[in-house]
> 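Dumping the structure here so I can ask a few things about it.
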Amino acid sequence: MFEHVEAYPGDPILTLNEAFGQDPRPEKINLSIGIYFDDAGQLPVMRAVREAEAQIAPTLGARPYLPMEGLAPYRQAVQALLWGAGHEAVTSGRIATIQTIGGSGGLKVGSDFLKRYFPQSEVWVSDPTWDNHRAMFEGAGLKVHTYPYYDPLAGGLRFEEMLATFKGLPERSIVLLHACCHNPTGVDLSAAQWNALIPVIQSRRLIPYLDIAYQGFGDGLEQDAHALRTLTDAGISFFCANSFSKSFSLYGERVGGLSVVCPDAAQAARVLGQLKATIRKNYSSPPTYGARVVAQVLQSPELRVLWAGELDTMRQRIRLMRQRLADGLGQALPGHDVSRFVNQRGMFSYTGLSESQVDTLRHSHAVYLVRSGRMCVAGLNAGNVDKVTQSLAAVIRDAT
């Protein structure tokens with residue numbers, strides 16, 4: 001019956017992670033998968049999460065279905081975190097927010113909504129972007145293109161080319177933008193560049209779709225929300241998918257959201273209704289537990305301060321690893337430009353390595369990177385950063 005079904009080649013990152021698990025070498029280092037590990041190389045359980053779970057435990061009882069749109073306190077907490085509880089768009093009720101199954105769920109629901117209500121629109125994603133961005137939109141039946149973004153020689157941003165492309169896009173084109181901590185490159189727009197891009201988005205009547213999966217890992221919780229708050233203040237309607245997998249270390253709970261900023265509360269109510277209908281056709285309603293934990297933390301002043309402090313520590317540790325890597329490579333490779341490692345933000349860095357160099361790094365040094373050269377800097381720690389530095393230096397030296 002299913003002989004016509006082709007074999008699935010596997011997700012390249014998850015397949016690489018499986019290969020790492022099967023590698024018998026004790027000195028192996030995994031810098032491929034996008035997970036934050038602490039300095040002991042362990043997946044952390046945050047104190048704020050533990051305390052929230054302890055507070056919730058006595059109230060656990062029957063588990064009815066949540067509404068299609070999700071847990072109300074959680075949805076309120078998402079808006080308050082992304083925009084600030086006192087923001088006009090929040091207090092006026094013109095943001096439609098739903099709880100989703102991770103950030104990916106937000107992308108999926110939003111892409112299905114866009115296909116229905118903007119069927120002629122096409123999508124533009126950065127070159128490169130997270131692989132699943134293209135898959136999500138194409139899976140909804142939308143045509144996907146790329147816009148210039150990453151400069152592989154300088155390890156920075158091709159902003160002028162990006163800006164020129166946006167100026168030439170058809171009206172109502174959907175533009176996928178990373179609010180902070182660009183995945184996979186770690187290269188972000190500056191505040192000044194956002195301020196230059198937003199009038200183009202406005203004049204061309206484009207539909208921005210922001211992905212903010214790493215809030216707090218760039219420059220801080222408030223600073224990392226600059227793009228979406230500035231878009232909102234400019235009166236632009238847009239989509240924003242968020243995730244708490246990394247910032248709460250709740251990967252398996254799949255806690256995410258989708259918010260749509262609308263011109264007024266009446267339109268937001270209609271959008272919310274159709275988002276609910278989209279969910280009903282897909283998974284009916286989201287799970288309860290992770291949303292309760294996140295809401296408990298974000299709506300408790302004490303727990304929120306504790307969580308923000310832990311997140312600051314995680315961000316600073318990543319920055320320290322970036323600096324140690326850059327310093328070590330600078331010493332091992334005099335004259336080699338290592339600035340990209342400290343200038344890029346968040347959990348990822350584009351190393352500039354070729355696919356063959358990445359293969360050599362894996363086979364000869366037991367260091368795993370994605371074949372694009374993307375490194376998960378959050379996988380570095382005091383115990384492995386020197387080995388990674390030496391291995392990178394050897395591979396780069398051999399190629400010159």
Side-chain angles (χ1 to χ4, degrees), residues 9-37 39-41 126-131 149-158 181-188 317-400:
D11 178 89
I13 296 177
L14 298 183
T15 301
L16 186 63
N17 197 53
E18 292 172 3
F20 174 83
Q22 296 167 5
D23 190 331
R25 292 174 289 182
E27 73 277 15
K28 63 185 179 180
I29 299 170
N30 191 359
L31 304 177
S32 61
I33 194 165
I35 292 178
Y36 176 89
F37 294 101
D39 205 50
S126 63
D127 179 21
T129 192
W130 181 47
D131 288 341
Y149 191 83
Y150 181 68
D151 180 351
L153 295 179
L157 181 67
R158 298 162 60 189
C181 306
H182 186 273
N183 180 8
T185 69
V187 176
D188 288 343
R317 198 190 76 77
I318 291 174
R319 286 185 173 178
L320 176 62
M321 289 300 105
R322 286 185 176 278
Q323 192 65 58
R324 283 195 56 176
L325 181 65
D327 291 345
L329 285 173
Q331 293 175 9
L333 301 168
H336 186 76
D337 184 8
V338 297
S339 60
R340 70 181 64 198
F341 295 106
V342 291
N343 292 336
Q344 295 167 358
R345 290 180 172 86
M347 288 175 53
F348 302 112
S349 182
Y350 245 34
T351 61
L353 297 182
S354 66
E355 289 188 358
S356 62
Q357 288 175 310
V358 170
D359 290 342
T360 300
L361 199 63
R362 172 186 169 187
H363 296 306
S364 301
H365 300 275
V367 176
Y368 283 67
L369 269 63
V370 180
R371 294 199 78 208
S372 64
R374 188 195 81 171
M375 171 194 293
C376 181
V377 187
L380 294 173
N381 57 58
N384 67 23
V385 65
D386 290 339
K387 172 179 165 51
V388 171
T389 302
Q390 295 163 8
S391 300
L392 283 173
V395 169
I396 294 170
R397 194 182 298 114
D398 289 345
T400 57

> Between CG of Asp151 and CZ of Arg158, what distance do you get to the nearest 0.5 Å?
7.0 Å
> At what distance, to the nearest 0.5 angstrom, does CD1 of Ile318 lie from CZ of Phe348?
9.0 Å
> Looking only at heavy atoms, what is the nearest atom pair of Gly346 and Cys181, with distance?
CA-SG, 3.6 Å
> Taking all non-hydrogen atoms of both residues into account, name the closest pair between Pro184 and Pro128 and its distance.
CG-CG, 3.9 Å
> When you measure from the side chain of Arg340 to the backbone N and O of Val187, does any donor-acceptor pair fall under 3.5 Å?
no
> Check whether any side-chain N or O of Arg317 sits under 3.5 Å from a backbone N or O of Leu380 as a donor-acceptor pair, and report yes or no.
yes
> Is the closest side-chain donor-acceptor distance between Arg374 and Asn183 under 3.5 Å?
yes
> Within the side chain of Asn381, is there an N or O that forms a donor-acceptor pair under 3.5 Å with the backbone of Phe37?
no
> For Asp188 and His182, indicate whether the former's side chain and the latter's backbone hold a donor-acceptor pair under 3.5 Å.
yes
> Answer yes or no: is there a donor N or O on one side and an acceptor on the other, between the side chain of Thr351 and the main chain of Gly373, under 3.5 Å?
yes
> Can you tell me if Gln344 uses its side chain to pair, donor with acceptor, with the backbone of Tyr350 under 3.5 Å?
yes
> Could you grab the distance from atom CZ of Arg324 to atom CE of Met321, nearest 0.5 Å is fine?
5.0 Å
> Show every ring pair (Phe, Tyr, Trp, His ring centres under 6.0 Å) that has at least one partner inside residues 359-384, sequence neighbours left out.
Phe20-Tyr368
> Keeping Asp39 on the side-chain end and Ala382 on the backbone end, is there a donor-acceptor pair under 3.5 Å?
yes
